[in-house]
Amino acid sequence: MLFNSAVFLQFFAAFLLLYWLVRNSLAARNLLIVVASYLFYGWWAPERTPSLSESTNYALGLLWHCRFLGLLVATSLFDFLVGLGLAKLTTPRQRKLLVAASVAANLSVLGFFKYCNFFIQSVSTALDHLGLDVSLPTLNLVLPVGISFYTFQSMSYTIDVYRGQLAPTRRVTDFLAFVSFFPQLVAGPIERASHLLPQFQQTRVITRAMLEEGVWLILWGLFKKVVIADNCAPLVEIVYGNAAYTGPAVLLGTVAFALQIYCDFSGYSDIARGTARVLGFDIMWNFHIPYAATSPREFWRRWHISLSTWLRDYLYISLGGNRRGLGRTYLNLIVTMLLGGLWHGAAWNFVLWGLWHGAGLVAQRITGGSELRKTLRMLSWAGTMVFILYGWLLFRADSLTQVAAMTRALADFSFPPWTSSFALNLTVFSLPLVLMESWMTVARNQLVPLSLPTPVRSLLQGVMLVAIVIFWERKEVPFIYFQF
Amino acid sequence: MKSHIYEFEPRDLARLISGPFVVLTLFAVAMHLGARTRFLPTPRPVLDTDRTILIHQAEASRTKSDAEVLLLGDSSCLMDISARRLGEQLGQPVLNLGTFSFLDLSAHATLLREFVRANPERPHTIVLLMHPEALRRVGSEEYYATALASFLAGTDPRPTTARGQVPWLLGADILKSRLLSRALPLPLGGAYGHVYGFNRNLEASLAAGRGSIVDPEPKSFSGFAEYRLSPTLERTSKAFRAAVPPNARLLVGMTPAPESFAGPRYPTQRAEMLRQWSQWLNADAALDQLPATLPDSSFVRTTHLNESAVAAYTDQLAAALKPQR
């Protein structure tokens, strides 16, 4: 189910009513959350096949739902049992074996669905380059929506229990609700068990302030998605869908993509947080004005925070972090970012994107960029933006061939005939974001609009609602991060 | 154990929700009022590729023009002929008002009437060109026919689906078609986006080509090469004829089909179809010198030629028209 769909509005309205009815029973609330979350998740279905009858389509849809829902339930139950097992086992060796088995099982499922074909195709290409004509079969796999998110969230539980940072839960519904909590199930934020799980075991208090925050975040998230991201998407397509590029076209297209991906993903995260706030839950901030960063390291403290901290805590530190000398620190950074890139998808451009950011972080460590940043703040910001924008080019390109062609085109300064139209669209759609985030930066508060007097805030929210209605497409546009 | 506690009053919730909805309601009322009182400009819904072309051609039909030769027809007329090149060949200004096969001859007749109303002394020659695939269609698609009729009437088309009613009622469609479409260039999707970029660039290309453009979207040959005249064609042909001013000559032709797709018997069939259609139209001449088929390599899809073939075919049309002047 998409947040930006009419069906979600109906679902959420019905859910809120049921949620109010179960307010006196914690067990009933968690059960309701599990059932609703599975319905939310299972609503995702492939396009209907026109050649099939309605009933056949319906039956196929049900099968489709059950298949991927089954995977989510199985992953959750497996990690729940691992948690209980870790509590029972006493010797460090047994505990280590069990957590290793859990991590291996989770990564195997993720690897099978996400990387199997990529691996087969890469081996096939490599053999082809070696002159060996071997035809390897690829599997016709569909990536279950949100698998990268819920797998990492579930893994964080078993690792935290293993590390002794969290007591395992004994109530299965609490755990199932933690893994499948619908506001953040399919595209994060990737929550830590130590933060979210205890909330399912407590009475939640929903205050007026939480409600106001929730409504604001839902509206602002929808505005970013529907008004900004979805209007930048066709701009990006004009450049990236083309075969002929020039420097200004690549630059404009990449700036549009930077806006699109940020507003798409942070919009989702805001709606997720807002929805959770309305229900009395607190999920983490996933973004903190990332394009204000003045260095690659600062960017990663502001961008997809739940993933970057996950990678830091469970991968970078496990590899030794910065405790084993400079050389090893650089290697750990590169490996962590490379795997972070690969987490996004099974393609070489994601690997390259990860390497690019890893190299940026290493370069910053080598040059000790923090002093420079303090003295030449604007220059550092501009340099960081160039670095990030080229990273987005690597991320968005369909192939390495396109990366090479676009990189070469940067030296061609001819302007396409549509430059002014493109620039006008980009200005119009980026302006609300720039104004809002400048205000947030100056106020050092992402919720600064809540400090406005009620009538002014209502007016602002009303204007945002009007803009959402105007640009609400009749065919919903899925969030980019659903594919990861 | 209690699950959750609500520490706010129902009126807090009502106040929170009602504020934005009051603004939305005021906006909707303002839009409908603005449209009804004609305070807002008339709709110009150039909101996608198809409507950009349709609205441009409809506007061109209402504009003062120097065209002596007017081309009318489906998308093969729009994209298989270069009006500028044809004008140069004939030594007379040519305007192309070709649109789509989604519209039938009654819609083309409407464009012709609009043109004659705006240019009573013109044109001397009207060339009606259709692809054989378009001739088997029974009528206009409602969506496009409504879009054209609403634009010419200066009204907002009412959505036909229940889902489309919501943005219309909330005033979103009115804002988009009356203000936003004028203020902001719209990026086009697919191959049109890659080649033309935005609707304004496509309109500029149409204006520069005197109503002609080149199809930028190659597609494999699809559909059936089962060509026939629709049972409604006789009626709509007569309606079209009625729109032709008495001092103008009506010439009719059929645009080419790919050789291998149409099959070897098609040229004979085409001759018969053209004769019958020309008779229903009471045309002054049928352009039977034009080739029924062209090599497959000349096409980007079954109905549209590629850029180099457009030039060659335009020259053939010019040669066919010269004796008719």
Side-chain angles (χ1 to χ4, degrees), chain A residues 6 19-20 22-30 32 201-212 215 219 231 233-239 241-244 279-281 416-422 424-425 428-429 454-455 457-466 469-472 474, chain B residues 1-9 11-13 15-28 30-31 48 159 161-164 166-176 179-180 183-202 204-205 216:
Chain A
Y19 197 68
W20 179 75
V22 299
R23 66 193 178 282
N24 290 321
S25 166
L26 200 129
R29 178 198 69 186
N30 289 351
L32 173 67
Q201 295 157 339
Q202 300 159 351
T203 301
R204 308 304 301 164
V205 178
I206 308 167
T207 63
R208 186 182 146 172
M210 287 165 78
L211 203 63
E212 286 175 350
V215 169
L219 271 175
N231 278 303
L235 300 177
V236 176
E237 182 53 29
I238 282 178
V239 176
N242 212 332
L279 304 178
F281 286 82
W418 41 254
T419 304
S420 60
S421 295
F422 200 110
L424 181 60
N425 268 270
V428 166
F429 291 113
T454 308
R457 194 177 67 221
S458 290
L459 181 66
L460 177 64
Q461 290 180 335
V463 170
M464 280 162 52
L465 184 63
V466 168
V469 167
I470 290 168
F471 291 106
W472 191 288
R474 285 167 202 180
Chain B
M1 192 175 179
K2 254 187 148 2
S3 156
H4 47 282
I5 300 161
Y6 295 97
E7 280 191 353
F8 59 86
E9 298 296 318
R11 68 167 181 274
D12 293 330
L13 183 63
R15 204 174 295 152
L16 187 65
I17 304 286
S18 62
F21 278 95
V22 166
V23 177
L24 184 62
T25 310
L26 288 174
F27 166 79
M31 283 298 115
D48 52 40
T161 61
R163 205 167 171 201
V166 179
W168 187 82
L169 280 171
L170 293 174
D173 287 352
I174 298 175
L175 180 101
K176 275 185 185 174
L179 296 174
L180 213 58
L184 200 61
L186 181 105
L188 301 172
Y192 285 86
H194 304 155
V195 173
Y196 296 104
F198 292 75
N199 57 358
R200 282 190 190 165
N201 301 93
L202 177 58
S205 289

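Remember, predicted model here, so these are calculated numbers, not experimental data. The analysis underlying the following values was restricted to heavy atoms, covering all of them including side chains, and did not include hydrogens, waters or symmetry mates.
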Student: For Leu465(A) and Leu24(B), work out which heavy atoms get closest and say how close.
Tutor: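 Shortest heavy-atom contact: CD2-CD2, 3.9 Å.
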Student: May I ask you to name which of Arg204(A), Gln202(A), Met210(A), Met464(A) has the most heavy-atom pairs under 4.5 Å with chain B?
Tutor: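 The candidate making the most pairs under 4.5 Å is Arg204(A).
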Student: Could you give the distance from CG (Leu186(B)) to CG (Asn231(A)), rounded to the nearest 0.5 Å?
Tutor: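 Rounded to the nearest 0.5 Å, the CG-CG separation comes to 8.5 Å.
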Student: Between chain A and each of His194(B), Arg15(B), Glu7(B), count heavy-atom pairs under 4.5 Å; write down the option with the most.
Tutor: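 Option with the top pair count is His194(B).
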Student: Using a 3.5 Å distance criterion without hydrogens, assess whether the side chain of Thr419(A) forms a donor-acceptor pair with backbone atoms of Pro416(A).
Tutor: yes
Student: How long is the straight-line distance from OG1 of Thr203(A) back to CG of Asn24(A), given to the nearest 0.5 Å?
Tutor: 10.0 Å
Student: Between Arg29(A), Gln461(A), Glu237(A), which shows the greatest number of heavy-atom pairs under 4.5 Å with chain B?
Tutor: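 Ranked by heavy-atom pairs under 4.5 Å with chain B, first place is Arg29(A).
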Student: Which bit of Leu188(B) comes within less than 4.5 Å of chain A, counting heavy atoms only: side chain, backbone, both or neither?
Tutor: backbone
Student: Heavy-atom pairs under 4.5 Å with chain B - which of Leu235(A), Val428(A), Leu211(A) has more of them than the others?
Tutor: Leu211(A)
Student: Relative to chain B, which of Ile238(A), Thr454(A), Leu424(A) shows the most heavy atom pairs under 4.5 Å?
Tutor: Ile238(A)
Student: Hey, which of Ser18(B), Gly193(B), Pro20(B) has the most heavy atom pairs under 4.5 Å with chain A?
Tutor: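 Answer, by heavy-atom pair count under 4.5 Å with chain A: Pro20(B).
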Student: Side chain, backbone, both or neither: which part of Phe27(B) has an atom under 4.5 Å from a heavy atom of chain A?
Tutor: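 Just the side chain, heavy atoms under 4.5 Å.
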Student: Just give me the residue among Pro185(B), Gly197(B), Gly19(B) that pairs up with chain A most often, heavy atom to heavy atom, under 4.5 Å.
Tutor: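 Winner by heavy-atom pair count: Pro185(B).
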Student: With a 4.5 angstrom heavy-atom cut-off, is it the side chain or the backbone of Val466(A) that approaches chain B, or both, or neither?
Tutor: both
Student: What orientation do Phe429(A) and Phe471(A) show, parallel under 30°, tilted 30 to 60°, or perpendicular over 60°?
Tutor: perpendicular
Student: Who pairs with Phe281(A) by ring pair (Phe, Tyr, Trp, His ring centres under 6.0 Å), at least two apart in sequence or on another chain?
Tutor: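 Checked Phe281(A) against ring pair (Phe, Tyr, Trp, His ring centres under 6.0 Å); matches are Phe181(A), Phe200(A).
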Student: Closest heavy-atom contact between Tyr19(A) and His4(B)?
Tutor: O-NE2, 2.9 Å
Student: List for me each residue that meets salt bridge (Lys or Arg N to Asp or Glu O under 4.0 Å) alongside Arg457(A), sequence neighbours excluded, and say none if there are none.
Tutor: Glu212(A)
Student: Quick one: what part of Val215(A) sits under 4.5 Å from any heavy atom of chain B, side chain, backbone, both or neither?
Tutor: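 For Val215(A), the contact with chain B is made by the side chain alone.
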Student: Find the one option among Pro187(B), Ser3(B), Ala28(B) whose heavy-atom pairs under 4.5 Å with chain A are most numerous.
Tutor: Ser3(B)
Student: Quick check against the 3.5 Å criterion: does Tyr196(B) have a side-chain atom that pairs as donor or acceptor with the backbone of Ser205(B)?
Tutor: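 Looks like no, no N/O pair under 3.5 Å.
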Student: For each of Val239(A), Val463(A), Asn425(A), Val469(A), tally heavy-atom pairs with chain B at distances under 4.5 Å, and name the one with the top tally.
Tutor: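 The candidate making the most pairs under 4.5 Å is Asn425(A).
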Student: Quick check for you: among Thr25(B), Asn201(B), Val166(B), Leu175(B), which has the greatest number of heavy-atom pairs under 4.5 Å with chain A?
Tutor: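 Of Thr25(B), Asn201(B), Val166(B), Leu175(B), Asn201(B) has the most heavy-atom pairs under 4.5 Å with chain A.
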